[in-house]
Participant: 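Handing you this structure, nothing more for now.
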Amino acid sequence: MTEHDKINQASLTLMVVGANLPLDEITKILGIEPTRVIRQGDVLNRLPQVIAGEDEWLYIRELESPQGRDEIMKGILEQIRRCRDGLEKVKQCGEIRLRLRVQSDYAQMAYCLMPETLQDLASIGLPLDITSISWGEVGV
């Protein structure tokens, strides 16, 4: 891991959230194996205790580059585009969205979305949440 990689780490998650989700059916419809499944009532954190209020079907992929031309992101978006009909079926079960998470060990972070990536996102038609986490070390 290079120093630049330590500063900016990112992942893209396809998520389905809702009450009483048919998790196995979602996997079958989308043809994508989830990375993580959370069921309502699961303990997400012990101190302080956080309990999942809904079911979540998550497909999480770590991205390789914060520079905007990440081949993993491009591949995920293409995979999602191929299962567009399935997405419409799954929308009847719960809320579907994408989440871009950017994390930094320092106070400064960024993730560049290129115009072609924005076009791909728009063509898929799912909301995109962007979250950032910084531990805010000083001296960079």
Side-chain angles (χ1 to χ4, degrees):
M1 177 181 291
T2 67
E3 188 65 22
H4 183 69
D5 292 333
K6 184 178 179 186
I7 292 173
N8 290 301
Q9 297 170 345
S11 67
L12 184 66
T13 302
L14 172 63
M15 52 195 317
V16 182
V17 180
N20 303 309
L21 291 177
L23 300 166
D24 292 336
E25 185 68 17
I26 291 169
T27 301
K28 183 178 173 184
I29 290 170
L30 296 179
I32 299 172
E33 196 65 37
T35 309
R36 183 173 183 199
V37 170
I38 299 170
R39 299 186 193 289
Q40 183 176 352
D42 284 355
V43 176
L44 301 176
N45 194 46
R46 298 208 182 278
L47 291 174
Q49 189 173 46
V50 177
I51 305 293
E54 297 180 292
D55 296 332
E56 295 184 27
W57 181 101
L58 306 167
Y59 177 65
I60 307 163
R61 293 293 308 271
E62 294 298 319
L63 301 176
E64 292 180 340
S65 169
Q67 300 307 312
R69 290 189 166 84
D70 192 297
E71 290 301 313
I72 292 175
M73 179 182 280
K74 183 178 178 179
I76 295 167
L77 296 177
E78 179 57 36
Q79 188 175 16
I80 293 168
R81 193 176 10 266
R82 284 193 306 264
C83 65
R84 189 176 315 194
D85 292 340
L87 289 174
E88 290 305 315
K89 291 178 187 174
V90 172
K91 283 181 183 178
Q92 298 170 15
C93 303
E95 179 185 356
I96 306 174
R97 62 183 180 263
L98 293 166
R99 174 170 292 154
L100 175 63
R101 178 196 49 83
V102 181
Q103 182 171 335
S104 172
D105 288 342
Y106 301 102
Q108 186 175 22
M109 70 182 91
Y111 193 92
C112 179
L113 290 170
M114 301 303 288
E116 57 269 18
T117 304
L118 293 170
Q119 289 173 343
D120 286 345
L121 286 164
S123 74
I124 291 169
L126 294 177
L128 174 67
D129 297 340
I130 300 175
T131 64
S132 60
I133 301 169
S134 174
W135 304 116
E137 291 182 15
V138 295
V140 178

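Just so we're clear, the structure is a prediction, and the values are computed from it rather than from any experiment.
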Participant: For residues Ala10 and Glu62, report the shortest heavy-atom separation together with the two atoms involved.
Facilitator: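 Here Ala10 and Glu62 meet closest at O-OE1, 3.4 Å.
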Participant: Apply the test side-chain contact (heavy atoms from CB on, under 4.5 Å) to residues Leu98 and Ile80: give CA-CA distance (whole Å), side-chain angles for both, the deciding distance (0.1 Å), then the verdict.
Facilitator: CA-CA 10 Å; Leu98 293 166; Ile80 293 168; 3.6 Å; yes
Participant: According to a 4.5 Å side-chain heavy-atom criterion applied to Ile, Leu, Val, Met, Phe, Trp and Tyr, with indirect links allowed, do Tyr59 and Ile130 form part of one hydrophobic cluster?
Facilitator: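 As far as the 4.5 Å side-chain criterion goes, Ile130 and Tyr59 are connected within one cluster.
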Participant: Group every Ile, Leu, Val, Met, Phe, Trp and Tyr by side-chain heavy-atom contacts under 4.5 Å, then state whether Val17 and Leu87 land in the same group.
Facilitator: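 No; Leu87 is not reachable from Val17 via cluster members.
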Participant: Are Met15 and Ile38 in one and the same hydrophobic cluster, where Ile, Leu, Val, Met, Phe, Trp and Tyr link if side-chain heavy atoms are under 4.5 Å apart?
Facilitator: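 Linked within one cluster.
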Participant: Starting at CG of Leu113, measure out to CG of Leu121 and round the result to the nearest 0.5 Å.
Facilitator: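 Interatomic distance, Leu113 CG to Leu121 CG, rounded to 0.5 Å: 6.5 Å.
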Participant: Less than 4.0 Å between a side-chain N and a carboxylate O, is that true for Arg81 and Asp120?
Facilitator: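 Yes.
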Participant: Are any non-hydrogen side-chain atoms of Lys74 and Thr117 less than 4.5 angstrom apart?
Facilitator: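 Answer no - side chains too far apart.
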Participant: Using a 6.0 Å cut-off, check whether atom NZ of Lys89 has over 12 heavy atoms from anything other than its own residue.
Facilitator: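 Check fails, neighbour count at 12 or below.
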Participant: Drop me the distance from Ile76's CD1 to Ile124's CD1, to the nearest 0.5 angstrom.
Facilitator: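 Taking CD1 in Ile76 and CD1 in Ile124, the distance rounds to 10.0 Å.
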Participant: When rounded to the nearest 0.5 angstrom, what is the spacing between CD in Glu25 and NZ in Lys28?
Facilitator: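 Result: 5.5 Å between the selected atoms.
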Participant: Please check if atom CG in Asn20 has more than 12 non-hydrogen atoms from other residues, nucleotides or ligands closer than 6.0 Å.
Facilitator: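 Count not over threshold, so no.
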Participant: Give the minimum heavy-atom separation between Thr27 and Glu33, together with the two atoms involved.
Facilitator: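 Smallest interatomic distance, heavy atoms only, reads CG2-OE1, 3.7 Å.
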Participant: Enter the distance from Leu58:CG to Asp55:CG here, rounded to the nearest 0.5 Å.
Facilitator: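 Rounded to the nearest 0.5 Å, the CG-CG separation comes out at 10.5 Å.
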Participant: Quick one: does Leu30's side chain get under 4.5 Å of Trp57's, heavy atoms only?
Facilitator: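 Leu30 reaches Trp57 side chain to side chain.
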Participant: With a 4.5 Å heavy-atom cut-off, do Arg97 and Leu126 have their side chains touching?
Facilitator: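 Arg97 does not reach Leu126 side chain to side chain.
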Participant: Once you round to the nearest 0.5 Å, how far does OG1 of Thr35 lie from CZ of Arg61?
Facilitator: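 Thr35 OG1 to Arg61 CZ: 8.0 Å, rounded to 0.5 Å.
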Participant: Could you please spell out the steps behind the side-chain contact (heavy atoms from CB on, under 4.5 Å) verdict for Ile51 and Leu44?
Facilitator: CA-CA 6 Å; Ile51 305 293; Leu44 301 176; over 6 Å; no
Participant: Can Ile32 be reached from Val16 by stepping across I, L, V, M, F, W or Y side chains whose heavy atoms are under 4.5 Å apart?
Facilitator: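 Both belong to a single hydrophobic cluster.
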Participant: Are a donor atom and an acceptor atom from the side chains of Arg101 and Thr13 found within less than 3.5 Å of each other?
Facilitator: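 Thr13 and Arg101 do not have a side-chain donor-acceptor pair below 3.5 Å.
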Participant: Is Leu128 reachable from Ile72 through a run of hydrophobic residues whose side-chain heavy atoms are each under 4.5 Å from the next?
Facilitator: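 Yes, Ile72 and Leu128 fall within the same hydrophobic cluster.
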Participant: Count the heavy atoms belonging to other residues, nucleotides or ligands that lie under 6.0 Å from CZ of Arg39, then report whether that count exceeds 12.
Facilitator: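 It does not: Arg39 CZ has 12 such atoms or fewer within range.
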Participant: Among Leu63, Asp129, Thr131, exactly one meets side-chain contact (heavy atoms from CB on, under 4.5 Å) together with Leu100. Which residue is that?
Facilitator: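 The option that passes is Leu63.
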Participant: For the residue pair Leu12 and Leu77, establish whether any side-chain heavy-atom pair is separated by less than 4.5 Å.
Facilitator: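 A side-chain contact under 4.5 Å exists here.
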